[in-house]
Structure formats: structure tokens, C-alpha cells
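Since the structure comes first, as C-alpha cells, the remarks are kept for the end.
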Number of protein chains: 2
Amino acid sequence: MSGRLAVIGLGPGDQRYLTQEAREALEAAEALYGYGPYLDRVPMRPGQARHPSDNREEGIRAEAALRHAADGTHVAVVSGGDPGVFAMAASVLEAVESGPDAWRALDIAIVPGITAMLAVAARAGAPLGHDFCALSLSDNLKPWELIERRLDAAASAGFVIALYNPVSRARPWQLAKAFALLSRHLLSTTPVIFGRAVGRADEGMTVTTLGAASAIEADMATLIIVGSRETTLIAREGQTPLVYTPRAVEGAMA
Amino acid sequence: MSGRLAVIGLGPGDQRYLTQEAREALEAAEALYGYGPYLDRVPMRPGQARHPSDNREEGIRAEAALRHAADGTHVAVVSGGDPGVFAMAASVLEAVESGPDAWRALDIAIVPGITAMLAVAARAGAPLGHDFCALSLSDNLKPWELIERRLDAAASAGFVIALYNPVSRARPWQLAKAFALLSRHLLSTTPVIFGRAVGRADEGMTVTTLGAASAIEADMATLIIVGSRETTLIAREGQTPLVYTPRAVEGAMA
């Protein structure tokens, strides 16, 4: 019996974002690995073993899951959002690349999910309606200078920017610095969206501007979208404004 | 009775990518609008009216749906992939912005879906495992010079690049030009993924390199992912290679 490993995206928040494919893949697994709070979101099934681990232990978790699958077990690694976007899929494939040959022979499947930027964008309107990029602000795994260079490139070329991992206890100053840097390219009136814990009971959505955006409004569960110069607000009486980026760009860029 | 309008993402291909939220939103609607082949993917429900339209008629479709919702009807506009990524949500909000005040008073909801780049990435491995951008190659609504500038900015700053709308009958040369331009920044060995009709019966996945990538392999249903200089292939005996972009970037960029 040959082993199987599925890396499954749960989407953000509760089960509303779970796809049919993800639901079936979760049911089919004999053993589940993942960050404890993500595993808690998966309905229990008799006979299915659970192996929760800490948030910081992606590499260790990936290796444990691969070792288990190589025994001939059908293993699932659960991931918040989409496993391929700043989540577990790359960790698992890093472990495959550096691991024993037997791991390459496994039946490996990645099951996509709704990533946080899509859920936050949908709540706000359609801020990702035109060209955009997704950037992790964490300088744990890349130099801060490279993050600055990417922010410069993205903003000056007119991409809408989704910021993942904007802040953590060990990284308190990076987000304010990013806002300052983006202000060199973008007007202070540029729309900025803070989406916190989208799809969960404690969800919070704030629409502000680059000039008024404060880094202290963000925490580890926040996804931030910074508009381009085309991104617009539609005011609505008694409702939050809708934010969207039009599909058309008139003429050439400045 | 006040009107409601939901813009619903079906994900690419068949129903495996449909989320729980999208399924419920489709069931709740009294009238469905959308491109005919997308509507055909939604299970029929008695008493639910269907208004199919052509692919090119986003603006007309959006206005018809809003007018219908303003009559007090619960209307759904269906969209392939995610409605907020090069799809119907921005069209609907453009129509709201330029339409009568009554349209702003509607209860408008965007229901996210799996966008093509996430589905193609999952099939290939984890090529979007680090910073990436999504760019439409269509110069119908923006000048080609701006697309070139964005390709330059994204590739030189080290983003992985997902190309939407790579080619159409009216836009035959743009993709080859984009590959040539990207070759100025990236090695000819850079992995390139062609994902066609992912999730459908006629799905096709090709992993090649920037040096060998041929624009004639793409059609309107193709999503292309061009790696960064960190993107790697894991060779596997008797199976297609896995493509992934590691989470870590060592040292500074050249």
C-alpha cells in the first residue's frame, strides 16, 4: 500500500469557505496534521488520528506528516487559507526536496482554499479588481531590504498590494515603515483595508486611507490591502463604503 | 422588500471548488445572471429564473442584474473563479458607481471563490509559495506600455508572476512579447507552468522553462505562472515534477 499526503486549505475563518474538494479530502484522511486551532475547525471522524502542533513548527510538522505517509497511511496536513499562499504547501515540498527518495514517490496532492486576501477583498468590494501582488512583510526568512525593494516596485508600477504577516510580537516596526515607504509613491487618500480574522466571530473590517492608516490597528490575524491610484470608494448611506479597483486604466502612468 | 445582489465565485472547472457559502448563496437566489457556460454549471432549482449572456457583455449584464435587484428581487451574478480577480465584481461595482442612487442602497455581497491561479498552483505544487503578483495581459482596458512596465517591475523585484488572459483571437502577439521581456530579467531555466481548463474534463498542465515556453501553447482558458529565480523543480520518477517557491530568500538580491 503506497502512502498519500494531501495538503488541504480550509480557507479563513469558519467552514463557510470550505470547498467540496477539501471536505472530501478531509473525510478521506486517516491521520490529520496541523496547527491546533486549524485542526479544531475540522469535524471529528471516528478512527481518524489527530496530530496538532504549534504555529512555529511548520518544518517539523511537514516531516512528521511525510514520515507517517511513507508508512502507507493516507495523511492530511491542514492549512488555514490556501496552502500554497504563505502556508503549509511550500513547507511540505521543502521537506520532500531535502528528504529521503521514498517521499518523492508518495502520492502528493495540494487542495486549494480561499486565501485571506480573497476573503477580505470580497468583504470590502473588489479592491483586487485589477493587477495586484501579494507580499509577506515578515523578514524572518528574507532580508528587509528585499521587502522594501518589492514594495517600491509594486507601488510604483501601479499594483494593488496585499500584505500578509504585517506584524508580530517579534516584528513590531515593519508595517509602519512599509506605510511610510508606500506613501512616497501613493497619495495619502489611497484606500487601505484592514481585514482581521475574516470569517470568524471576532471579524473586524476597517476601510481607511494611507494617510490615516495606523500600524497599531494590525495584529497577526490581519490582512491589509493597499489600493493603487485607481482604487475608488463608493459611499453608501448607512452602510460601509464599497472599495473597488476599476478594470480599465486610462492612458499611460505618470 | 429591499433588493439583494450577490456576486458569486464558482471557482474554476467543476463543482469541486465550490465553497459552502457559494452553494448556499446560489440556492437562496431568485434570479441568476451570468455567462451561459457558467450558469450551466449551477444546479437547477425550481422557480429560479436564469438570464444567460455573452462573455463580452459584463457591463450590460451587471446593469441588468442591478435593475432586477432594485425591483426587490434577490439576484445572483455568477462568476468563474473568484469574482474579485479579473471577473464580475469590479464590473458590478463600476455599474453601481455610475448608476442611480437606488443601486447604492442595495444589499450587495461578494462571495469569494478559488481563482484560477490558486487551482493551477495547487496542481503544480506550490509555485506561489512566496511573494507573487497577478497580472492581466489584456490590453483591451489598459495600454500595452503599462503591462510591459508591470512585467519589468515584477520580474526584476523577484515576484512570481501569474498571467491572466494571456491570449485571445484579437490579442495574438502579447504573450510571446511578455516571455521575451521576462527573459531579460530571468534565467532561461526559470520554471513556467501552463494550466489549461483546470478542474474540467479537458484539463491540461504543462511544466516547462522560460527558454522553452511557447506562446502557441496557450489559449483563452490558460493561466500561466512564471517562477522567480528561487522557484525550483522536484523531479519524481514516473510522475510530473513538483514546482515550488521556497519561503526563504537567502541574502540580498542581485
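Residue numbers begin at 1 in each chain, while the letters A, B, ... track the order of the sequences. Values reported hereafter were calculated over all heavy atoms of this structure, with side chains retained and with hydrogens, waters and symmetry mates removed. Please read these numbers as outputs of a predicted model, since none were measured by experiment.
If you measure heavy-atom distances from V243(B) to chain A, the contacts under 4.5 Å come from the backbone alone. At a 4.5 Å heavy-atom cutoff, L163(A) makes no contact with chain B through either its backbone or its side chain. For A134(B), the parts lying under 4.5 angstrom from a heavy atom of chain A are both the backbone and the side chain. Residue A105(B) touches chain A through its backbone alone, counting heavy-atom pairs closer than 4.5 Å. In this structure, chain A has a heavy atom under 4.5 Å from the side chain of M117(B), while its backbone stays farther away. In this structure, no portion of E24(A) lies under 4.5 Å from any heavy atom of chain B. Using a 4.5 Å cut-off between heavy atoms, L137(A) makes no contact with chain B at all. E237(A) does not touch chain B: none of its heavy atoms, backbone or side chain, sits under 4.5 Å away.
Summarising the geometry of G129(A) relative to A90(B), their closest heavy-atom pair is CA-CB, 4.3 Å, with the distance given to 0.1 Å.
With values rounded to the nearest 0.5 angstrom, L242(A) atom CG is found 5.5 Å from L93(B) atom CG. The CZ atom of R236(A) sits 6.0 Å away from atom CD1 of I108(B), with the distance rounded to the nearest 0.5 Å. Taken to the nearest 0.5 Å, the CD atom of Q20(B) stands 8.0 Å off from the CD atom of Q15(A).
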Practice item. Let me see the working for D131(B) and F86(A) under side chain to side chain contact (heavy atoms under 4.5 Å, CB included), right down to the final yes or no. Key: CA-CA 8 Å; D131(B) 302 334; F86(A) 307 118; 3.5 Å; yes

Exercise for review: Determine, stepwise, if the pair V249(A) / L141(B) fulfils side chain to side chain contact (heavy atoms under 4.5 Å, CB included).
Suggested key: CA-CA 6 Å; V249(A) 178; L141(B) 296 168; over 6 Å; no

Review point. Given the rule in the side chain to side chain contact (heavy atoms under 4.5 Å, CB included) test, do T19(A) and R16(B) qualify, once you have shown the distances and angles that lead to the verdict?
Key: CA-CA 7 Å; T19(A) 67; R16(B) 85 184 73 172; over 6 Å; no

Review point. Which is it for V85(A) and F132(B) under the side chain to side chain contact (heavy atoms under 4.5 Å, CB included) test, yes or no, and what are the steps along the way?
Key: CA-CA 9 Å; V85(A) 177; F132(B) 62 92; 3.9 Å; yes

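In terms of heavy-atom pairs under 4.5 Å with chain B, the best-connected choice from S91(A), A87(A), A121(A) is S91(A). The candidate from A126(A), A122(A), A109(A), P246(A) with the greatest count of non-hydrogen atom pairs under 4.5 Å with chain B is A122(A). Listed options C133(A), S136(A), S138(A), P83(A) were ranked by heavy-atom pairs under 4.5 angstrom with chain B; first place goes to C133(A). No other option in A124(B), A119(B), G125(B), A89(B) has as many heavy-atom pairs under 4.5 Å with chain A as G125(B). Contact tally against chain A (heavy-atom pairs below 4.5 Å) for I161(B), L118(B), L128(B): the top residue is L118(B). Across T245(A), L18(A), I234(A), T232(A), the residue that shares the most heavy-atom pairs under 4.5 angstrom with chain B is I234(A). Chain A forms the most heavy-atom pairs under 4.5 Å with one residue out of A154(B), A22(B), A235(B), A162(B), and that residue is A235(B).
Counted within 6.0 Å of CE on M205(B), heavy atoms from surrounding residues, nucleotides or ligands total more than 12; the atom is thus considered enclosed.
Of the charged side-chain nitrogens involved, at least one lies within less than 4.0 Å of a carboxylate oxygen, so that R247(B) and E94(A) count as a salt-bridged pair.
With R149(B) contributing its side chain and S156(A) its backbone, the two residues share a donor-acceptor pair below 3.5 Å.
Side-chain contact between P112(A) and Y17(B) is present, with at least one heavy-atom pair separated by less than 4.5 Å. Proximity of H130(A) to K142(B): side-chain heavy atoms (C-beta onward) are separated by under 4.5 Å at one or more points.
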